[in-house]
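Working notes, structure below.
Below, chains carry the letters A, B, ... as their sequence lines are ordered, and counting in each starts from 1.
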Protein chains: 4
Amino acid sequence: MEQSGFPEDRRTQILEAAAAVLGEKGYERATMKEIAAHAGIAPGTIYLYFKNKRELLLAIADALITQQVDQALAEATQDTAGYIAAVLRDRIRFARENQAFLQALVAEIWTDRELRERFFTQIIGPVLASGAQYLQAQVAADRLRPCRVEIVVTAVAGSIVILSALRALMPEQLLPGISDDELVEELTRLYLYGLLPRPEKP
Amino acid sequence: MEQSGFPEDRRTQILEAAAAVLGEKGYERATMKEIAAHAGIAPGTIYLYFKNKRELLLAIADALITQQVDQALAEATQDTAGYIAAVLRDRIRFARENQAFLQALVAEIWTDRELRERFFTQIIGPVLASGAQYLQAQVAADRLRPCRVEIVVTAVAGSIVILSALRALMPEQLLPGISDDELVEELTRLYLYGLLPRPEKP
Amino acid sequence: MEQSGFPEDRRTQILEAAAAVLGEKGYERATMKEIAAHAGIAPGTIYLYFKNKRELLLAIADALITQQVDQALAEATQDTAGYIAAVLRDRIRFARENQAFLQALVAEIWTDRELRERFFTQIIGPVLASGAQYLQAQVAADRLRPCRVEIVVTAVAGSIVILSALRALMPEQLLPGISDDELVEELTRLYLYGLLPRPEKP
Amino acid sequence: MEQSGFPEDRRTQILEAAAAVLGEKGYERATMKEIAAHAGIAPGTIYLYFKNKRELLLAIADALITQQVDQALAEATQDTAGYIAAVLRDRIRFARENQAFLQALVAEIWTDRELRERFFTQIIGPVLASGAQYLQAQVAADRLRPCRVEIVVTAVAGSIVILSALRALMPEQLLPGISDDELVEELTRLYLYGLLPRPEKP
DNA sequence: GATGAATGAGTGTTCATTCAT
DNA sequence: CATGAATGAACACTCATTCAT
């Protein structure tokens, strides 16, 4: 029916339909029939591109992983405040742009060990490591106070994930009327102040 | 088979079995038969106490909600640092104690609008509001710097949730070898410094 | 619906329905739905007694194997002609009584290696071995001429199988109007004469 | 892709691929895709030469039927022992040469009435009739004892079919280490002695 | 003629739910 | 109250067949 101009688009078309349906329904409640309908094709067609339902899920994970972060590395020249803001902004945008994919994945990551480890190793881990490394360098240069960078980085990442996720899931309830920019600004201040060198011990 | 002394304990018995199985398998992958087996009863018996599988899930949510937070209200007399640490410690403990229930719920909250709103309104909302109120009072008393307290509170809550969740799901990978106390201490410092009044504008 | 008096009859009931349907349609063309309908139950019920379609097939094989031959061993006291006739008669009766089961199996044995080896080892093999042993004893006692007993026994068994099978499958065409008794008589004569000691070498 | 020099060879090419795949997998388990792959063509192409999967099967039957037996008719001049040996040898060779075709067919013949009747009428029937006719002539000439030739001929044919089939299917188990020649020799002796005129009644 | 992507009906199987005991 | 055998709707997946290229 709904033909796409390029032959390889079909895969993408299915992937996007799957992300949309999985994101809304979760893995188990999403049916191949519905995914097919959402993509405007017949159920059997999906199996020409993906071996089974699970592979479709893993393909979504891979799609996310491969388009992964060139990161705000270039921004490392900025000052500390600028770097934190840049990372926050970048991650919030990433979450927004891949909302359907992420929403589809998170639910499964929560219950599926294999997916969890795959995702953690390939996405979360590197991001946290990169952040920790940056912080550690700033601490070494006395631009930030000494701290356990792994904990800080994880906490910061956690804030962002939760804020991005819940703002996507419940825009009416979570911080309604507050823009991404306001969010970034406030968080930047919170974490920057939290990490700047301090004259005296508390 | 396995009779309980009190007639109403049966409900609790089922609820706990359900939380255990749902927590491990997720809602869809958990079967009534397995929940029954886990509780040492017959599948049919569950239906004498819960109308259907979904009600069982909602009952788990309710069980969490009702045993909810007397909060660190009593601790409000402490200084600010003590309050933040107390809240962090309390929430981390709550997550640990109800791990199975929470794990079961979160996956569903993620995909189920009704459950999400119920949970947000009854659990998340009040907690955030209470925290925001406390912070606001501290700001008014000049013990903390002015800030958008809703954002800060949500960010702090997000850190805790993510840290607790991932530490439960992936103890080997997320901050291995770091104790809860170390975590609380580091986070307290981060957020306290992030919020203390500052002499000059940055 | 169609309740049986004894609780364990349900398994047998399914097994017989399966044998009937498989016998008529073959394994692949037989559907669980049809087997269920033939047994007067719902499709799902079959899975309470058999793990899957293949197990149902294997259970048919086992049913055949267990009700196996006490053989014409008692008849070993008879003279050679009587023995041969007794075995022929017994095997033809066996084929007739288990026609549906056998027909179902043979088709699968033809294409399925596992089933083939199982059936050969447990049914065919022992039968042939027993026959070969008897013949060998008769040869040793000079009541039959020397011969390669394995070949003879296999040939005799082959005749019977084919004759029984085709007479069941095509009663109109294969030896119509000839009774089992006539068959047994003629075959007995053929093989007895074929095996009796001979005065001179040909 | 793989073009054949002559346009009509394509049909044969498909037929042989089909026989190979059907022989190994059986009718239902063989897929058109696999048959096509085995023939080095696209699935759609098969439908240019055969209306559907079933016609492909029937065409295999026809292929067998047409290349049918010029029979050991020429050998009728031999003595009786020579004739029997010649027929046995010829049939065993036929089974070996057409093993894939035959294996594919037999499974279907077993379950498919139409195919069965077609095959019986066109292949089995004539062979048996020819054999019966020969035997009858020998009996009339007092070179063989009087007997029910239809039964004898069917029994002999049955032996051969079973022996050929099982030796093809289970070479390790059925009469391993015995050559076709030994088989023919032993069977010839068995049936010849079984049929030679006898001086006295047993 | 030849292709092979697309189809969708039909399969085996699962499991929430019921109800006779 | 409790049971657990029975149900049957719904699912993932397969594959013979078609048809635009």
Provide the full list of salt bridge (charged side-chain N to carboxylate O under 4.0 Å, His left out) pairs with a residue in residues 99-111 of chain C, sequence neighbours left out, each pair given once.
-> C:Glu108-D:Arg29

Tell me, please, which residues at least two apart from C:Ala20 pass side-chain contact (heavy atoms from CB on, under 4.5 Å).
-> C:His38

Given atom CZ of B:Arg11 and atom C1' of F:dC1, what is their separation to the nearest angstrom?
-> 16 Å

Set of residues satisfying side-chain contact (heavy atoms from CB on, under 4.5 Å) with respect to C:Ala165, sequence neighbours excluded = D:Trp110

Tell me: CD1 of B:Ile41 to P of F:dC1, nearest whole Å?
-> 13 Å

Minimum-distance pair of heavy atoms, taken over all atoms of D:Ala107 and C:Thr111 | CB-CG2, 4.4 Å

Take atom CD of A:Glu55 and atom C1' of F:dC13, then tell me their distance rounded to the nearest Å.
-> 14 Å

Canonical and wobble pairing (Watson-Crick, G-U, under 3.5 Å) of DNA chain F, dot-bracket with | = .||||||||||||||||||||

Take the protein atom CZ of A:Arg10 and the nucleotide atom P of E:dG4, then report the distance between them rounded to whole Å.
-> 17 Å

For D:Glu114, which residues count as a side-chain hydrogen bond (donor to acceptor under 3.5 Å, both in side chains) partner, sequence neighbours excluded?
-> D:Arg54

Salt bridge (charged side-chain N to carboxylate O under 4.0 Å, His left out) partners of residues 13-25 of chain C, not counting sequence neighbours, each pair once | C:Lys25-C:Glu34

To the nearest angstrom, how far is A:Tyr49 atom OH from E:dG4 atom P?
-> 13 Å

With sequence neighbours excluded, what pairs up with A:Glu117 under the side-chain hydrogen bond (donor to acceptor under 3.5 Å, both in side chains) test?
-> none

Summary of protein contacts for nucleotides 13-21 of chain E, nucleotide by nucleotide, where a base hit scores B, a sugar-phosphate-only hit scores S (4.0 Å, heavy atoms) = BBSSBB---

Residues that B:Lys33 engages under side-chain contact (heavy atoms from CB on, under 4.5 Å), provided they are two or more places apart = B:Thr31, B:Pro43

Rounded to whole Å, the CD1-P distance (C:Ile46 to F:dA6) equals 12 Å

